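Report on the following structure.
Below, each value reflects all heavy atoms present in this structure, side chains not excepted, and no hydrogens, waters or symmetry copies. Note that this is a predicted model, so its numbers are computed, not measured. Letters A, B, ... mirror the listed sequences (proteins, then strands); counts begin at 1.
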Amino acid sequence: MSKELTKRADNYSEWYNELVVKSQLADHSAVRGCMVIKPYGYALWENMRDQLDKMFKETGHVNAYFPLFVPKSLFEAEEANAEGFAKECAIVTHYRLKADPNNKGKLIVDPDAKLEEELVVRPTSEAIIWNTYKGWIQSYRDLPILINQWANVVRWEMRTRLFLRTAEFLWQEGHTAHATKEEAIEETVKMVNVYANFVEEYMAVPVVIGVKSANERFAGAEDTYCIEALMQDGKALQAGTSHFLGQNFAKAFDVKFSDKNNKLEHVWATSWGVSTRLIGALIMAHSDDQGLVMPPKIAPLQIVIVPIYKGDDSKPVIDEKANSMMASLKKLGVRVKYDDSDNARPGWKFAEYELKGVPIRVALGMRDLENNVVEVARRDTKEKQTISLDGIVDYLKNLLDEIQQNIFDRALAYRNEHITEANTWEEFIELLDGKGGFVAAHWDGTGDTEEKIKELTKATIRCIPVNNKQEAGVCILSGKQSRERVLFARAY
RNA sequence: CGGGAUGUAGCGUAGCCCGGUUAUCGCGCCUGGUUUGGGACCAGGAGGUCGCAAGUUCGAAUCUUGCCAUCCCGACCA
C-alpha cells in the first residue's frame, strides 16, 4: 500500500476513491459497478444499521422480507414507478445453464429454459410489497401496516462510484399502509425526521430537511421529503428520502379496505429509504488528507491502544496496563483494540489508524508508565495530550462525546457558511462556480424553469426546506413572482 | 451510453514509439537477526496468463482488431 493519499485540494474525487480503498472500507469487485464491502466497511454499516433499526422499532415498525425478484407484470402495474425505473433494471429471463457443445468446459444459457414471464431484479420493492399487502388488508382494523425491510437492490447505473452509486447496494426500505391521507403524511414526515436525527446525531452530518420539487420526486410519489447534506467540495448529497405515495399503489394493485362505516376505500401509502450511500456522505463530510474521520458513535473502532516498548522486558508491563485499561473501557461499552502486533512499528500504526479514522489513539510506553500518564491523540483535531492514568477511562469516555460533538459542530459551521442567498442570475452563477454549497434563490415554481436552470448550470433544486420562510421575490431566471426561496446546488 | 485517458507481481512503476536472451526498480510479503515515542535496518528468499481473446510474425509486453475493467468529462440516479 502506498503511503500517500491524494490531497483533497488536488483532486477531490481521486482522494475519495483512494480513501475508500486504502482505508479498507470497500473494493471494486469482478462485477461491473458492484463493490465488495470489506469487514471494516461492513462493521460501519452494521453500526449504522443497528441504530436505525432501533429507531424504526421505537417508532412502531417491524421488519419483514420480500423477494428479490418481481414478476414483470407486477412491476409494470404502477405506471409512473415502472417508467421511472425501467431503464435501469436487471432482468432474469432464463433459469438454467448447460454445457456448451462447441466449447468444452464452458456454459451457455439453455435456450429451452426461458421463463414464461421475466423477473425484474428489484430496483425498489413497492410493487411486490403492495401486491402482497392486497392479501393482508380488508378492514381498517388491518391498518396501519408499518413494515421495514433490510435488503439489497439493483439499479443498472451507467456510471458508478464506490458507496455513492453502485449497481447493487444495501439499504432499508419502509413500506407503510394507512387508512387516511393525514396519517400517511404524518408517517412520511415522521420518518424523514428519524433520518435527520440519525444522520445528525450519529453520523454527525448536518442535513436540511425539505420537500422535493415535482421534477425531482420519486417515481410514483405524490410528495418526496428528503434530507440533503453538504460535502466538503461544495456539492450536495441526497442522504435519505421519505415518500408520500398517496393512493397510487393501492389503486395500481387494487388494495382497498372497509372503513368504520363499511365504505370501501383505497389504502394510503408511504415508503422511505436510506442506503449504503450514507457511508459516502460520512466520508465526504468529515475526512481529511490523512484519511477518514469517524464519528465515535458509529466508528467500528473507537479507541486504539498502541504499545511502545524497548526490548522484551517492558512488553509484559505495558501489556498488563493496556489490558486493564481495555477491560475497563469495554465494560463501559467502548469499542477498543489493543494493537500489540509486532509486524509494524508505532509510527506505522499511528498513520494506519489515522487513515482508518479511529477517533482516539492511546500510546503507552515505559516513559509514560513511569510518570503514570499516557499520550492521547484525537483524530478530529490531531491534538496530542499527556493525560494522567488516574481517571483515564472516564476521560476517554468523555473525550469520545466531545469528538462526536466537535465533528458535528465543524460540519455544521461549514454547512451554514455554505448556504448563500442569490438575488440575481449573475450572483447565482458566481456562487455555483465559486463558493459552491447551497444557493437559496427565488424560483417561479415551474418545472420548465427548473429544467432550464439545470441545463444552464448543472444545479438542481435540492429541496424546499420545511418551515421555509415565506418571502416575496422574483425568480432568478424568469423574473416571475415567487413566494419563497428554494435551495439549489450541484449534487452527487 | 457518447467523448478522453489508462491497464506490466498485493501496491506504485521501467520497458512499448523502433518486435529478438532469464521483463526493470521501489514498497509490501516470507526466513533469520537487530529494532520499536510519527510510515525501521541488515542479510537471504518467494512472487508475473505483461487486462482478456483472436490475428500478423520464425519470434509479441511491444504491431493490428475485438472485448473487459478502471479513472476523468457528459446524459441518468439513492
Scan every strand shown for a Watson-Crick or G-U wobble partner of rA69(B), both distances under 3.5 Å, and answer none if you come up empty.
-> rU6(B)

Starting at atom NE2 of His28(A), determine the distance to atom P of rU6(B), rounded to an integer number of angstrom.
-> 19 Å

Can you tell me how far P of rC11(B) sits from CD of Gln24(A), to the nearest Å?
-> 13 Å

Side chains of Gln51(A) and Lys297(A), donor plus acceptor under 3.5 Å | no

Under-3.5 Å donor-acceptor pair between Arg155(A) side chain and rC77(B) base | no

Could you check whether Ser13(A) gets within reach of a base, just the sugar-phosphate, or nothing at all, counting any heavy atom under 4.0 Å?
-> sugar-phosphate

Which atom names give the shortest non-hydrogen contact between Lys356(A) and Ser23(A), and what distance separates them?
-> CE-O, 3.5 Å

Write down the partner of rU31(B) under the Watson-Crick or G-U wobble criteria, each distance required to be under 3.5 Å.
-> rA43(B)

Matching residue for Glu354(A) among Arg379(A), Arg378(A), Arg361(A), Lys382(A) - test: salt bridge (charged side-chain N to carboxylate O under 4.0 Å, His left out) | Arg361(A)

How long is the line joining CZ of Arg32(A) and C1' of rG51(B), in whole Å?
-> 15 Å

Interatomic distance, Asn17(A) CG vs rA5(B) P [rounded to whole Å] | 20 Å

Could you tell me whether Gln238(A) contacts a base, only the sugar-phosphate backbone, or nothing, with contacts defined as non-hydrogen atoms closer than 4.0 Å?
-> sugar-phosphate

Taking the same atom, P, in rG28(B) and in rG39(B), what whole-Å distance lies between them?
-> 13 Å

rG38(B) base / Glu354(A) side chain donor-acceptor hit below 3.5 Å = yes

Take the protein atom CD1 of Ile305(A) and the nucleotide atom P of rG37(B), then report the distance between them rounded to whole Å.
-> 18 Å

Classify the side chain of Arg361(A) versus the base of rG38(B) as yes if they form a donor-acceptor pair under 3.5 Å and no if they do not.
-> yes

Please report, rounded to the nearest Å, how far the P atom of rG39(B) is from the CG atom of Asn343(A).
-> 16 Å

rG38(B) base / Lys384(A) side chain donor-acceptor hit below 3.5 Å | yes

Tyr16(A) OH to rC72(B) P, straight-line distance once rounded to whole Å = 11 Å

Atom-to-atom span, CD of Gln290(A) to P of rG39(B) - whole angstrom = 14 Å

Give one of base, sugar-phosphate or nothing for Arg159(A), where a contact means two heavy atoms less than 4.0 Å apart.
-> base

Does a side-chain heavy-atom distance below 4.5 Å link Leu389(A) with Lys321(A)?
-> yes

Least distance between heavy atoms, Val207(A) atom then Ala229(A) atom = CG1-CB, 4.2 Å

